[in-house]
Amino acid sequence: METIKWGVLGTGRIARKFAEDLRLAEGCELIAVGSRSQAGADNFSKQFAVKYAHSSYAELAQNPEVDVIYIATPHNLHHENTLMCLNNHKAVLCEKPFAINTRQALEMINLAMEKKVFLMEALWTKFHPHYIKMQEMIKQGLLGDITTVLANFGFKPLPPVNPRLYEPALGGGTMMDIGIYNVLLAIGVLGKPDHIDAVMTPAPTGVDEQCAVLFRYKNGSMAQLFSTFSANLATDADICGSKGRIRLTSKFYEPSATIEFYEGRDAPKQVIPVEKEGGTGYQYEARHVNECLRNGLTESPVIPFADTIELMETLDKIREIAGIRYPADNDNLP
């Protein structure tokens, strides 16, 4: 592939941010968009100079010139949209959460393996320079044995409130929308928990307006995770070990975050230098997908299928314990 040709499925805020950042990724071009209406596709096409403005998602998936599709629709559509793209032999970068539950995720992954088509969950944080640097510091033993992870993510939605945030049929609630970043960080540092405690405050629609999660591990380590739509939190995170502490400043999941390192109880703050570049931060994962496609890979070495399944299984368990249910779950959760 001399130039990898992208399509974007969906025209919302995230789709537009990705399209903007794709301009910063080398060796690729955004050539097509799929919307639920011609007007939506045309508007997006004019903003980003896209060649093909499709009035349906299916038309985009069937476009023979498109190599890979970024899926940026609401959570509940990820499963359906991904299967459609894979069945049309299109590589897929699917926005988080990958699916509503593990059953859907396994169907998506199994089809990708059957078709031998690339598929990856768009966990953009794992490609950001500050996250990679944090992992390097941990592997170097600068923190010693990790004992504690503290992460919080919360904001009060501004009017007009996007119904996606609260609608059960759309996978609404804090856990799937923003709490997933807390869970991703904890698993990335400590691994899958041995025991989970979780409680939530329901919104009038029944989804979680607030959710508190505690991961416990057999070695005594813990992760305390909190997400809310009721308050504007600092949205930072601490990773603590026997030798030192890392603080990821607000917003800990974005490349704008700063790494603060504290070596010992009374040690002064050390700001760890990390590469910064323009854009919002979606170009990093786009570059990775481009590299995977050029190398003929069907699975990302950074976000392999096993990691996506592990994350989905953990989210399922949290929701089961906290009492967060979606129509798509049917009988999959007790």
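The shown structure was predicted, so the numbers you read here are calculated from the model rather than taken from an experiment. Note that these values count all heavy atoms, side chains included, but never hydrogens, waters or copies made by symmetry.
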Rounded to the nearest 0.5 Å, how far does [atom2] of [Y] lie from [atom1] of [X]?
X: Asn76; Y: Gln104; atom1: CG; atom2: CD; value: 8.5 Å
X: Leu83; Y: His79; atom1: CG; atom2: NE2; value: 4.5 Å
X: Glu209; Y: Phe229; atom1: CD; atom2: CZ; value: 8.5 Å
X: Phe261; Y: Arg245; atom1: CZ; atom2: CZ; value: 10.5 Å
X: Leu123; Y: Ile180; atom1: CG; atom2: CD1; value: 6.0 Å
X: Ile146; Y: Ser242; atom1: CD1; atom2: OG; value: 7.5 Å

Passes side chain to side chain donor-acceptor pair (under 3.5 Å), Ser250 versus Asp236? Steps please.
CA-CA 5 Å; Ser250 181; Asp236 50 17; over 6 Å; no
Check this for me, if you would: do [X] and [Y] make a salt bridge, where the nitrogen-to-carboxylate-oxygen distance has to be below 4.0 angstrom?
X: Lys269; Y: Glu260; result: yes
X: Asp177; Y: Arg164; result: yes
X: Arg13; Y: Glu95; result: no
X: Arg247; Y: Asp238; result: yes
X: Arg103; Y: Asp329; result: no
X: Glu285; Y: Lys126; result: no
X: Glu20; Y: Arg23; result: yes
X: Asp194; Y: Arg216; result: no

In terms of hydrophobic clusters joined by side-chain contacts under 4.5 Å, are [X] and [Y] together?
X: Leu315; Y: Ile324; result: yes
X: Leu297; Y: Ile109; result: no
X: Tyr262; Y: Leu185; result: no
X: Met175; Y: Ile187; result: yes
X: Leu233; Y: Met200; result: no

With a sphere of 6.0 Å drawn around [atom1] of [X], does it hold more than 12 non-hydrogen atoms of other residues, nucleotides or ligands?
X: Glu263; atom1: CD; answer: no
X: Gln224; atom1: CD; answer: no
X: Lys115; atom1: NZ; answer: yes
X: Lys243; atom1: NZ; answer: no
X: Lys276; atom1: NZ; answer: yes

Could you check whether any side-chain N or O of [X] sits under 3.5 Å from a backbone N or O of [Y], counting only pairs where one atom can act as donor and the other as acceptor?
X: Glu310; Y: Ala306; answer: no
X: His78; Y: Thr73; answer: yes
X: Asp208; Y: Thr174; answer: yes
X: Ser45; Y: Val50; answer: yes
X: Asn295; Y: Glu291; answer: yes

Would you please test Glu277 and Gln283 for side chain to side chain donor-acceptor pair (under 3.5 Å) and show each step?
CA-CA 10 Å; Glu277 65 176 62; Gln283 68 269 28; 2.7 Å; yes
Of Val149, Leu214, Thr148, which meets side-chain contact (heavy atoms from CB on, under 4.5 Å) against Met222?
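Only one option passes, and that is Leu214.
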Positive for side-chain contact (heavy atoms from CB on, under 4.5 Å) with Leu106, one of Asn101, Thr308, Leu111, Ile309
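For Leu106, the side-chain contact (heavy atoms from CB on, under 4.5 Å) check succeeds only for Ile309.
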Where is the tightest heavy-atom contact between [X] and [Y], given as atom of each residue plus distance?
X: Ile69; Y: Ala61; value: CD1-CA, 3.9 Å
X: Leu30; Y: Ala19; value: CD2-CB, 3.6 Å
X: Ala257; Y: Phe252; value: CB-CA, 3.9 Å
X: Tyr284; Y: Pro255; value: CE1-CB, 4.4 Å
X: Met176; Y: Ala99; value: CE-O, 3.5 Å
X: Asn63; Y: Ala32; value: ND2-CB, 4.1 Å

Between Tyr253 and Tyr181, does the ring centre distance come in under 6.0 Å?
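They qualify: ring centres under 6.0 Å apart.
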Do the rings of Phe44 and Phe48 sit parallel, tilted or perpendicular, given the 30° and 60° boundaries?
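Correct class here is tilted.
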Hey, can you tell me if Phe153 and Phe155 have their rings parallel, tilted or perpendicular (30° and 60° cut-offs)?
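Rings of Phe153 and Phe155: tilted, as their planes differ by 30° to 60°.
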Is the shortest heavy-atom distance from the side chain of [X] to the side chain of [Y] under 4.5 Å?
X: Val189; Y: Ile138; value: yes
X: Tyr52; Y: Val33; value: no
X: Asp316; Y: Arg319; value: yes
X: His288; Y: Met120; value: yes
X: Ile31; Y: Glu65; value: yes

What residues form a ring-ring contact (aromatic ring centres under 6.0 Å, His included) with Tyr70, not counting sequence neighbours?
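ring-ring contact (aromatic ring centres under 6.0 Å, His included) check on Tyr70 returns Phe18.
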Between Ile246 and Ile259, does a side-chain contact (heavy atoms from CB on, under 4.5 Å) hold up when you go through it step by step?
CA-CA 7 Å; Ile246 285 176; Ile259 299 177; 4.0 Å; yes
